[in-house]
Amino acid sequence: MNEKQRLESKQVQQSTSSAKQEKDYSQYFQTVYMPPSLKDARRRGREEVKYHKDFEIPDEFLGMGQGRKFYIRTYGCQMNEHDTEVMAGIFMELGYEHTDSVEDADVILLNTCAIRENAENKVFGELGHLKPLKLEKPDLLIGVCGCMSQEESVVNRILEKHQFVDMIFGTHNIHRLPNILNEAYLSKEMVVEVWSKEGDIIENLPKVRMGKIKAWVNIMYGCDKFCTYCIVPYTRGKERSRRPEDIIQEVRHLAAQGYKEITLLGQNVNAYGKDFDDIEYGLGDLMDELRKIDIPRIRFTTSHPRDFDDRLIEVLAKKGNMMEHIHLPVQSGSSDILKIMGRVYNREQYLELVRKIKAAIPDVSLSTDIIVGFPNETDEQFEETLSLYKEVGFETAYTFIYSPREGTPAAKMKDNVSMEVKKERLQRLNKLVNELSAEAMKKYEGQIVEVLVEGESKTNPDVLAGYTRKNKLVNFKGPKSAIGKLVNVKITEAKTWTLDGVMVEEREAAEVN
Ligand code: SAH
Ligand code: SF4
Ligand code: F3S
């Protein structure tokens with residue numbers, strides 16, 4: 001049977017199945033099918049997390065990629081970007097080559113995001129585009145992985161409507177990529193391997209990092225906060241922290257390789273270490289140790305206000321390679337809405353935290369995430385978000401219209417706010433965000449700032465681009481030899497989101513105490 005017939009036969013099997021009352025998908029799987037289940041995901045055990053430090057690709061799979069190319073498209077947050085780096089590392093160890101073109105690829109992976117409906121729609125749209133390619137090139141393997149794969153409704157929809165997909169796997173088993181690929185080459189059916197329950201922590205996974213100047217380092221996985229609107233605790237499993245020694249070793253290694261900036265990753269980095277039974281150790285302690293490593297910049301994302309403690313503030317105030325920029329998602333300025341969101345802090349507590357941070361780090365730059373149009377949000381409650389935004393004086397924000405996610409408590413709430421009103425609120429909020437950003441940027445005019453030069457500007461190769469300590473993008477004139485270095489730039493003109501300037505002198509890495 002050739003591949004085209006294989007695809008058609010899948011469709012025939014599909015139509016037989018849809019005639020049944022109760023859908024039974026088991027016929028499609030040759031591997032063990034563990035359907036993703038939000039119910040199972042919600043049951044959080046206290047089982048111990050095991051650490052595997054000896055990951056190796058089984059010999060039998062080495063060479064699998066000889067003469068083959070892989071392409072990965074990434075949607076969603078930095079966590080997903082970093083997972084893509086790990087999958088790329090696995091592909092390379094298997095002997096695959098990387099390609100930037102879908103037409104050229106022998107394996108295409110869509111590393112998906114489930115945070116809002118439009119994120120999911122993009123992926124389904126892309127699957128529609130890939131179908132003709134698959135029909136043209138039957139040997140092509142197409143896989144869907146990432147957060148959407150952890151949702152049962154998505155898996156079912158792919159099984160029903162996108163039969164040409166060869167593999168679906170989730171966020172807990174990316175280390176199983178060699179086995180999944182192998183299965184997909186051998187199998188006539190779609191290979192689905194999604195684990196409802198998070199796995200252990202696997203160290204030493206190979207990685208192909210996208211940059212040579214900035215690197216991401218996971219410090220923890222999962223989220224236990226269960227904000228009522230959010231899908232992440234279901235798609236990423238329970239909170240599990242990597243051991244400090246593994247993180248410190250990875251950062252040291254990156255510093256030795258010449259990386260200049262590290263971003264520590266987690267969905268709620270302030271909960272780092274809370275799952276350790278044997279040691280009392282938190283993000284502040286970790287940062288205090290990383291601070292001593294000879295690397296110019298260390299950032300972290302994302303913070304949850306609830307677990308942001310004094311110890312961390314004290315360490316951040318030591319400056320050096322600790323950046324004076326904190327992304328601190330607030331979501332809403334109304335205590336009532338925050339309560340229904342399950343954020344476990346109110347407006348006053350958030351403002352109090354901001355006061356503490358500003359007292360310790362007077363030049364701190366704060367940014368945030370905000371959701372407008374949460375179910376039944378009133379005009380007054382929305383106004384409270386605007387007033388909080390001004391009161392804190394955020395320099396920038398990511399703003400979103402609430403998107404119901406199936407299986408979350410908020411999705412079951414009745415909602416009396418029309419989409420029109422939600423869109424108006426978003427526009428009003430964005431206007432304020434732009435105004436305050438422009439104001440904050442204006443203050444930089446005439447100042448000299450430290451920029452980590454990343455390369456040529458994306459829009460103009462004659463100009464270099466990089467970020468300040470407070471994460472502002474600066475475009476400036478300077479020699480190409482400055483790429484990869486920290487330089488001083490005098491700001492000549494502020495735009496709403498970026499700064500223009502000229503380089504004034506090269507400088508050594510910031511002093512690390
Ligand atoms: N862990 C981070 C956020 C991760 S998701 C935190 O708690 O701060 C990134 C942002 O997406 C969130 O901060 C929130 O503003 C937004 N978001 C999450 N779920 C959403 C939903 N259902 N609808 C709209 N925006 C959402
Ligand atoms: Fe989602 Fe809340 Fe966890 Fe952030 S803290 S990932 S918003 S559940
Ligand atoms: Fe999206 Fe998953 Fe990140 S839902 S935002 S890719 S954790």
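First listed ligand is number 1; within each ligand, the first listed atom is number 1.
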Taking 4.0 angstrom as the limit and counting only heavy atoms of [X], give me the atoms of ligand 2 inside it, by number and element.
X    : answer
R343 : 2 (Fe), 7 (S)
F226 : 8 (S)
V232 : 6 (S)
K225 : 3 (Fe), 5 (S)
H304 : 5 (S)
P233 : 8 (S)
C223 : 3 (Fe), 5 (S), 6 (S), 8 (S)

Ion pair present between [X] and [Y], side-chain N to carboxylate O less than 4.0 angstrom?
X    : Y    : answer
R291 : D288 : yes
R236 : D83  : yes
K238 : D275 : no
E352 : K356 : no

Any chance you could measure R243, atom CZ, to Y51, atom OH, to the nearest 0.5 Å?
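Output value for this atom pair is 5.5 Å.
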Spatial distance of atom OG1 (T84) from atom CD1 (I72) [nearest 0.5 Å]
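Separation between the atoms: 5.0 Å.
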Would you please indicate if the ring centroids of [X] and [Y] are separated by under 6.0 Å?
X    : Y    : answer
F300 : Y272 : no
H162 : F124 : yes
F70  : H98  : yes

Any M87 side-chain heavy atom under 4.5 Å of C145 side chain:
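Counting from C-beta outward, M87 and C145 do come under 4.5 Å.
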Between [X] and [Y], is NZ or CZ placed under 6.0 angstrom from the six-membered ring centre and within 45° of the ring axis?
X    : Y    : answer
K274 : Y281 : no
R343 : Y350 : no
R116 : F400 : yes

Which protein N, O or S atoms lie under 2.8 Å from atom 2 (Fe) of ligand 3, given by chain and residue number?
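N, O, S partners closer than 2.8 Å: C147 SG.
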What protein heavy atom sits nearest atom 1 (Fe) of ligand 2, and how far off is it?
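Residue, atom and distance for the closest contact: C230 SG, 2.3 Å.
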Protein contact of atom 7 (S) of ligand 3 - nearest heavy atom, named by residue and atom, plus distance
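Residue, atom and distance for the closest contact: Q267 NE2, 3.2 Å.
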Between [X] and ligand 2, which residue portion shows a heavy-atom distance shorter than 4.0 Å: side chain, backbone, both, or neither?
X    : answer
P329 : neither
Y229 : side chain
C227 : both

Aromatic rings H327 and Y398: how do their planes relate, parallel, tilted or perpendicular, breaks at 30° and 60°?
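Taking Y398 first and then H327, their aromatic rings stand perpendicular (interplane angle over 60°).
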I'd like a table of the close N/O pairs between ligand 1 and the protein (anything under 3.5 Å), one pair per line with both atom names and the distance.
from, atom 1, to, atom 2, distance (Å)
ligand 1, 1 (N), Q267, O, 2.5
ligand 1, 1 (N), Q267, OE1, 2.9
ligand 1, 7 (O), R343, NH1, 3.2
ligand 1, 11 (O), R116, NH1, 3.1
ligand 1, 13 (O), Q331, NE2, 2.8
ligand 1, 13 (O), D369, OD2, 2.6
ligand 1, 15 (O), Q331, OE1, 2.7
ligand 1, 17 (N), R116, NH1, 3.4
ligand 1, 22 (N), Y229, O, 3.0
ligand 1, 22 (N), S403, O, 2.8
ligand 1, 23 (N), S403, N, 2.9
ligand 1, 25 (N), R116, NH1, 3.2

Neighbour count >12 (heavy atoms, 6.0 Å) for atom NZ, K53
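Above 12, so yes.
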